[in-house]
> 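Shown below is the structure under consideration.
All values derive from a computational prediction rather than experimental measurement. We name chains A, B, ... by the order of the sequence lines, and we start the count at 1 in each one.
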Amino acid sequence: MPELPEVETIARGLDKRVRGDVIESIWLGSKPEPLKSSAFEIARTVENSLIVGVRRMGKHIVVDLEHCVGRSSRRRLHKSREKPGDNTRAQWIIHLGMSGRVQVCPPDAELLKHTHAIAKLASGRELRFVDPRRFGRLSVSQNGEFEAGGSEPLDVELDKFIDLFRGRATPIKSALLNQKLLRGVGNIYADESLWSAQIHPARSGARLKEKELERLRKALQRILRKAIQMRGSSISDFVDVEGKQGDYQQRHQAYGREGKKCFRCGCVIKRIIVAGRSSYLCPRCQRSPRHQGRTRKKTKRTGLVRTS
DNA sequence: ACTATTTCCTGGATGC
DNA sequence: TGCATCCAGGAAATAG
């Protein structure tokens, strides 16, 4: 389940490999297509385009393109009534969904099942999009001004961050997952940052104190940075462009740890459903909304070691 | 304008 | 072993 750190890892890997290469042609799998734009529109946009760079916006991979001024693209420009010089910047947008993967490989590399797109590059290699669960989406932006939603979690200023949740009755976990507020946070990093900031996922965003939101932002940013450094979390089958796994799953303190001991207090981590999603939390460190304001019982610490 | 719920999809895990 | 059922998840669509 690629979230911000995983997508960042993939985007960096792609940028390193295909920046400066040219997409000569693209094959798009037969229907039902996991596409947002039409296959025709995608092909028209990406074919004969120079890859200027690859970057991440939220959970989207953005491939910045520039139409080549080669013979074939001149004819293309003429045909489509576009004037050379303007409208030559475009973007290919890849969303990996749950199980999406991209690979850069030689043309004779084994064709994985569920390969939905193959772009042929001038270097002779292929850029492939593979997605068994078909939650991924491919699309293009003609003007090169793709809008990815809310604020980047790693850039957002404190004032803005606090503002995002003001007047929002929805559970904080739900708000963290809302891409129109913050882009890039998914189930894993929402749970990890809430655990770190000691905030119960079901608490209303509007009712969080500024101090708690300050803690949450700090935790979220620290965790995302560390996860990027460790090339993401490999839950189920996440791998980067090279097919290599990430390491951050070894650092998880809450996510996927149901029944295990909290690294902070030794209490048993439990799993509840918030916003229709599994949410892992420590019932002692993250007090539920209805326990808010009650005094905590003093309990013996268990001498467990934190891993972060 | 918000918020909650349902839907899409497949592979892997679980249960009988 | 084999078959059915459930579950995971992001985000768009739908309903309240």
> Give a yes/no verdict on a cation-pi contact between A:Arg264 and A:Trp195, requiring under 6.0 Å between NZ or CZ and the six-membered ring centre and an angle within 45° of the axis.
yes
> Ignoring the backbone of A:Ala169, work out which of C:dA11, C:dG9, B:dT3 is nearest its side chain.
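Ranking C:dA11, C:dG9, B:dT3 by closest atom to the A:Ala169 side chain puts B:dT3 first.
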> Per the atom types in the model, does the base of C:dG10 pair as donor or acceptor with the side chain of A:Arg277 at under 3.5 Å?
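Looking at the base of C:dG10, it does pair with a donor or acceptor on the side chain of A:Arg277 (distance under 3.5 Å).
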> Under the criteria of a ring-centre distance below 5.5 Å and an interplanar angle below 30°, is A:Phe135 stacked with the base of C:dA11?
no
> Assuming nearest nucleotide by heavy-atom distance, tell me which of A:Gly276 and A:Gly167 is located more 5' along DNA chain B.
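The 5'-side residue here is A:Gly167.
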> State which of B:dC9, C:dA12, C:dA8 makes the closest approach to the side chain of A:Arg134.
B:dC9
> Would you indicate what A:Arg271 reaches in the nucleic acid, counting non-hydrogen atoms under 4.0 angstrom: base, sugar-phosphate, or nothing?
sugar-phosphate
> Is A:Tyr255 touching bases, backbone alone, or none of the nucleic acid, heavy atoms closer than 4.0 Å?
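Sugar-phosphate contact only - A:Tyr255 comes under 4.0 Å of backbone atoms but never of a base.
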> Taking only side-chain N and O atoms of A:Arg168, does any of them lie within less than 4.0 angstrom of OP1 or OP2 on B:dA4?
no
> Taking OP1 and OP2 of C:dG10, is either one under 4.0 Å from a side-chain nitrogen or oxygen of A:Tyr189?
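Looking at the OP1 and OP2 atoms of C:dG10, neither is under 4.0 Å from any side-chain N or O of A:Tyr189.
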> How many Å lie between NZ on A:Lys59 and P on C:dG9, as a whole number?
11 Å
> Do the side-chain N or O atoms of A:His114 get closer than 4.0 angstrom to the phosphate oxygens (OP1, OP2) of B:dG11?
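A:His114 to B:dG11 OP1/OP2: side-chain N or O found under 4.0 Å.
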> Could you check which of C:dA11, C:dA8, C:dA12 has an atom nearest any side-chain atom of A:Lys180?
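Nearest to the side-chain atoms of A:Lys180, counting from C-beta on, is C:dA12.
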> Ring of A:Phe165, cation from A:Arg207 - is the NZ or CZ under 6.0 Å from the centre and inside 45° of the axis?
no
> Check each of A:Ile26, A:Val140, A:Ile23 against A:Thr45 using the side-chain contact (heavy atoms from CB on, under 4.5 Å) test, and report the only one that passes.
A:Val140
> Taking atom P of C:dA12 as reference, at what distance in whole Å does atom CZ of A:Arg137 sit?
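Distance check: A:Arg137 CZ to C:dA12 P gives 9 Å.
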> Could you tell me how far apart A:Leu96 (CG) and B:dC9 (C1') are, to the nearest whole angstrom?
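Rounded to the whole Å, the gap is 16 Å.
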> To the nearest angstrom, how far is A:Leu177 atom CG from C:dG9 atom P?
10 Å
> Taking the side chain as every heavy atom from C-beta outward, state whether A:Val156 and A:Gln221 have any atom pair closer than 4.5 Å.
yes
> In whole angstroms, how far is the P atom of C:dG10 from the CD atom of A:Glu6?
10 Å
> Rounded to whole Å, how long is the line connecting atom CG of A:Leu176 with atom C1' of C:dG10?
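Whole-Å distance recorded here is 15 Å.
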> Is a side-chain donor-acceptor pair under 3.5 Å present for A:Thr170 with A:Arg168?
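On atom types as modelled, these side chains do not qualify, holding no pair under 3.5 Å.
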> Looking at B:dA4, B:dT10, C:dG10, which one has an atom nearest to any side-chain atom of A:His95?
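Output: C:dG10.
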> Does a nitrogen or oxygen in the side chain of A:Ser278 sit under 4.0 Å from OP1 or OP2 of C:dA8?
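It does, given that an N or O in the side chain of A:Ser278 lies less than 4.0 Å from OP1 or OP2 of C:dA8.
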> Report the relative orientation of the aromatic rings in A:His95 and A:His60; use parallel for angles under 30°, tilted for 30 to 60°, perpendicular for over 60°.
perpendicular
> Whole-Å distance between B:dC2 P and A:Ile172 CD1?
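One finds 16 Å between P of B:dC2 and CD1 of A:Ile172, rounded.
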> To the nearest angstrom, how far is A:His60 atom NE2 from C:dA12 atom C1'?
12 Å
> Checking contacts here: which listed nucleotide (B:dT10, C:dG10, C:dA11) is nearest the side-chain heavy atoms of A:Arg133?
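Out of B:dT10, C:dG10, C:dA11, the nucleotide with an atom closest to A:Arg133's side chain is B:dT10.
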> Return the 5'-most residue of the pair A:Ser174, A:Lys113 with respect to DNA chain B, ranking by each residue's nearest nucleotide.
A:Ser174
